[in-house]
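Remarks on the structure that follows.
Every value quoted in this text rests on a predicted model; they were computed, and no experiment measured them. Remember, it's 1-based here, ligands and their atoms both numbered in the order they're listed.
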Amino acid sequence: MTCYEELKARGLIAQVTNEEEISKMINEGKAVFYIGFDPTADSLHVGHFMALCLMKRLQMAGNRPIAVIGGGTGMVGDPSGRSDMRTMMTPETIQHNCDCFKKQMERFIEFGEGKAQMVNNADWLMKLNYIELLRDVGACFSVNNMLRAECYKQRMEKGLSFLEFNYMIMQSYDFYYLFQNYGCNMQFGGDDQWSNMLGGTELIRRKLGKDAHAMTITLLLNSEGKKMGKTQKGAVWLDPNKTTPYEFYQYWRNIGDADVLKCLRMLTFLPLEQIDEMDKWEGAQLNTAKEILAFELTQLVHGTEEAKKAQEAAKALFVGGGDMSNVPSTQLTQDDLTDGAIGILDLMLKCSLVPSKKEARRLIEQGGVELDGEKVTDVNTPVTEMQLSGEGVMLKKGKKVFHRAVIA
Ligand SMILES: N[C@@H](Cc1ccc(O)cc1)C(=O)O
């Protein structure tokens, strides 16, 4: 499967200017592309995370990413898809937020010589001269077309300030600048960025007579059509001081059944074959899929240690928070697993909770078995190596018998 095919199969691609050209360049590992990040808060969130993952996927296929921090565009504020005006940020806040973004991104993407590049558009946008810019770039834009742009739709009734109206010009200028100075001919971003990105390709065509490309990634919506990565408390942040690794883990552990597979495909780096396998899972197995999703994402964002801690804390909560330190336990070895998992019937037998698999089956069918606080409904439920590692899993037989199973 080519890199582009994989992006498609994961459901990541929303719109492209020229599929043939883009897929060719990406698959050959020849693309130099950029994604812009406006410093609207002091931490990145899940939407940014998707963009960073895309960078990483393309970087792994040999392409060169440029992360543009919007120290300049942040001074204007992107009205795309918003129903009201953003509060204007002070230059100090913008600077602080840029610093926070930079630190978080560096944990995630490899920057440096021959790797990814990070630039700040303040470096070129802040120097622009108004009259010069109007003559040079302003002349290339049609106000009529701009007013029709999808991204301003919501603002046509409520009002759009002249400040924000200029945002598209700033982002288009970035693309034009990076095209000329960094050999960058592709821009990627969230689907709400489509109009801004086309502004850039159009400017490049007008000024230089050359082709540049744009591609957007699908917005992550849940089965009800709502944006994911948000809680009642607000965004799910990547900064552990704003959203703790445990809260982060729990957000993904508690998503709807209908959304697990989509999230696994779009957000994790697990091989597609492995995810397709999970497509057949149902009932209690979906909880296993959610655990895998939560673990994978927490690990990507906060590291393995934190992911394990969050997973253990979540499990402890499930079994009721009582003192579980004296619960009998069984240590499994790799020999007990086939393809990285052991079936629930075998596991119960191994733990001597039942005299036979037949009895285990009967108990499950009667609804008398729980795995980490969830009733087991399928006698074929697999228990994976990941679940068995760390604190392991807690089995509950009937009302009182607890047993922990861990892998050595
Ligand atoms: N407008 C983008 C950020 C961005 C900034 C500058 C660019 O050149 C490109 C994109 C956003 O709000 O997400």
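- Using a 4.0 Å heavy-atom cutoff, Phe175 is absent from the residues neighbouring ligand 1.
- From the protein, the heavy atom lying nearest to atom 5 (C) of ligand 1 is Tyr167 OH, 3.2 Å.
- The heavy atom nearest to atom 11 (C) of ligand 1, out of those in Arg82, Met168, Gln193, is found in Gln193.
- Looking from atom 6 (C) of ligand 1 to the surrounding protein, the closest heavy atom is Asp174 OD2, 3.3 Å.
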**OP:** Take Asp78 and Ser80 through the side-chain hydrogen bond (donor to acceptor under 3.5 Å, both in side chains) test and state the conclusion after the steps.
**Re:** CA-CA 6 Å; Asp78 189 355; Ser80 302; 2.6 Å; yes
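- An N or O contact shorter than 3.5 Å is missing between Arg86 and ligand 1 by distance.
- Residue Asn196 has no N or O atom closer than 3.5 Å to an N or O atom of ligand 1.
- With sequence neighbours left out, the side chain to side chain donor-acceptor pair (under 3.5 Å) criterion links Lys56 to no other residue.
- A salt bridge is defined here as a Lys NZ or Arg NE, NH1 or NH2 lying under 4.0 Å from an Asp or Glu carboxylate O, and Lys290 with Glu374 fails to meet this definition.
- In this structure, Tyr4 and Met215 approach most closely via the heavy-atom pair CE1-SD, 4.1 Å.
- Backbone and side-chain nitrogen or oxygen atoms of Asn121 are examined, and none is located within less than 3.5 angstrom of a nitrogen or oxygen of ligand 1.
- Those atoms of ligand 1 that come under 4.0 Å of a heavy atom in Tyr34, given as number and element, are 7 (C), 8 (O), 9 (C).
- Rounding to the nearest 0.5 Å gives a distance of 11.5 Å between CD of Gln285 and OG1 of Thr384.
- When side chains are defined from C-beta on, Trp252 counts as touching Met228, because their heavy atoms get closer than 4.5 Å.
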**OP:** Take Glu306 and Lys309 through the test salt bridge (Lys or Arg N to Asp or Glu O under 4.0 Å) and record every step on the way to the result.
**Re:** CA-CA 5 Å; Glu306 289 298 332; Lys309 273 199 241 161; 3.4 Å; yes
**OP:** Check the pair Gln387 / Gln311 against side-chain hydrogen bond (donor to acceptor under 3.5 Å, both in side chains), numbers first and verdict last.
**Re:** CA-CA 9 Å; Gln387 290 175 284; Gln311 187 178 44; over 6 Å; no
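- Considering backbone and side-chain N/O atoms, Thr73 never comes within less than 3.5 Å of an N/O atom of ligand 1.
- Polar contact check, Gln187 against ligand 1: no nitrogen or oxygen pair lies under 3.5 Å apart.
- In this structure, the protein non-hydrogen atom closest to atom 12 (O) of ligand 1 is Asp78 OD2, 3.2 Å.
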